[in-house]
Protein chains: 2
Amino acid sequence: MFLSQTSRYALQAAAFLAERWAEERPTPVGDIAAGLGVPRNYLSKILHQLARERVLVSERGPKGGFRLVAAPDEIALASVVGPLEPAYGERHCLLGRPTCSDDDPCAAHDRWQSVSSELTAFLESTTLADLVRGP
Amino acid sequence: MFLSQTSRYALQAAAFLAERWAEERPTPVGDIAAGLGVPRNYLSKILHQLARERVLVSERGPKGGFRLVAAPDEIALASVVGPLEPAYGERHCLLGRPTCSDDDPCAAHDRWQSVSSELTAFLESTTLADLVRGP
DNA sequence: GCATTTAATCATATTGACATGATAATAGCA
DNA sequence: TGCTATTATCATGTCAATATGATTAAATGC
């Protein structure tokens, strides 16, 4: 009910790369896909997209692969999910009512905004490092 | 990014019926669809499903239509959305990680649970009456 | 009984998310 | 130079969500 499969794969892969941040070599898609048990070619397309969005860096050829563009604690979940969720950041009415905006709110609008902005805050303030560190 | 189109239609229709709770006659799908500007036959299928789930009551024939099964302030958003969202109520890991459960949580698990349960609380505690009453 | 109004159901189309497989481009290395 | 490992791209397939249109069943009023 919340994130698409695509976004979940992306977050898992990003967390996987976060664990390998220290390595000199980038990690090939094959390793990530095998490590996570997700479809290889599909993941490849997702990672490519994240590379275009400057969340990852890709290198071709032997010894190539993907790495994070910055340290895990500098990459928020929102930067991974944002490019993959078409509606990310759109302020909607929960009901998708065209007439329900901040100007002309339904009675539940404020309560929903408050829940909704907690969600946003979670994605903005949680980083890939938080997905990795043990408790 | 949060509710499906189907659920949004359902909530809009339920709010529409909440406004008509006082009327003696049930409201035909056609009136609801026209009032909301949503596809009639598709809405019909959704309302039928909500009737099977005992959220609405349907009556056939002339003067037929749909009405709420109870007063608007007795119907939580969760009872409308629940039957329409296959994954509603499933406790997941945000990432869909098979290995990330309450027993063996990733580091962000608790923070996510807290956001996630606020969402649930919102849907459980907000009623159709809250979608109607002016501020 | 018959016509009308409505929900219920059936058949089908469209679209985008998810996924697979094959090929092209690039980089390293012998 | 040519071989190989890798990403990048292309073509295609599957399936569920969304949507449309037609038909059937039930209730009402004449």
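Chain A is the first sequence line, chain B the second, and so forth, proteins listed ahead of strands; every chain is numbered from 1. Computation of the quantities below employed the complete heavy-atom set of this structure, encompassing side-chain atoms and omitting hydrogens, waters and symmetry-equivalent molecules. Note that the coordinates shown come from a computational prediction; the quantities given were computed from them, not determined experimentally.
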Given atom [atom1] of [X] and atom [atom2] of [N], what is their separation to the nearest angstrom?
X	N	atom1	atom2	value
His48(B)	dA25(D)	NE2	P	15 Å
Ile32(A)	dT7(D)	CD1	C1'	12 Å
Leu50(B)	dA8(C)	CG	P	11 Å
Arg8(B)	dA17(D)	CZ	C1'	12 Å
Leu43(A)	dT7(D)	CG	C1'	12 Å
Leu47(A)	dC18(C)	CG	P	15 Å
Lys45(B)	dG21(D)	NZ	P	14 Å
Tyr42(B)	dT15(C)	OH	P	15 Å

Starting at [atom1] of [X], measure out to [atom2] of [Y] and round the result to the nearest 0.5 Å.
X	Y	atom1	atom2	answer
Asp130(B)	Phe122(B)	CG	CZ	8.5 Å
Leu36(A)	Arg8(A)	CG	CZ	13.5 Å
Leu84(B)	Leu3(B)	CG	CG	9.5 Å

Mind listing the N/O atom pairs, protein and nucleotides 1-6 of chain D, below 3.5 Å?
from   : atom 1 : to       : atom 2 : distance (Å)
dT6(D) : O4'    : Gly61(A) : O      : 3.4

Counting only side-chain N and O atoms of [X], is one of them less than 4.0 Å from OP1 or OP2 of [N]?
X	N	answer
Ser44(A)	dA8(D)	no
Ser58(B)	dA8(C)	yes
Tyr9(A)	dA19(C)	yes

Between Asn41(A) and Thr6(A), the residue closer to the 5' end of DNA chain C by nearest nucleotide is Thr6(A)

Is it the case that the ring center of Trp112(A) lies less than 6.0 angstrom away from the ring center of Phe2(B)? yes

Partner residues of Arg54(B) under the salt bridge (Lys or Arg N to Asp or Glu O under 4.0 Å) criterion, sequence neighbours left out: none

Hey, does Leu43(B) have a side-chain heavy atom less than 4.5 Å from the side chain of Val38(B)? yes

So which pairs with a foot in residues 41-50 of chain B pass side chain to side chain donor-acceptor pair (under 3.5 Å), sequence neighbours left out? Thr6(B)-Tyr42(B)

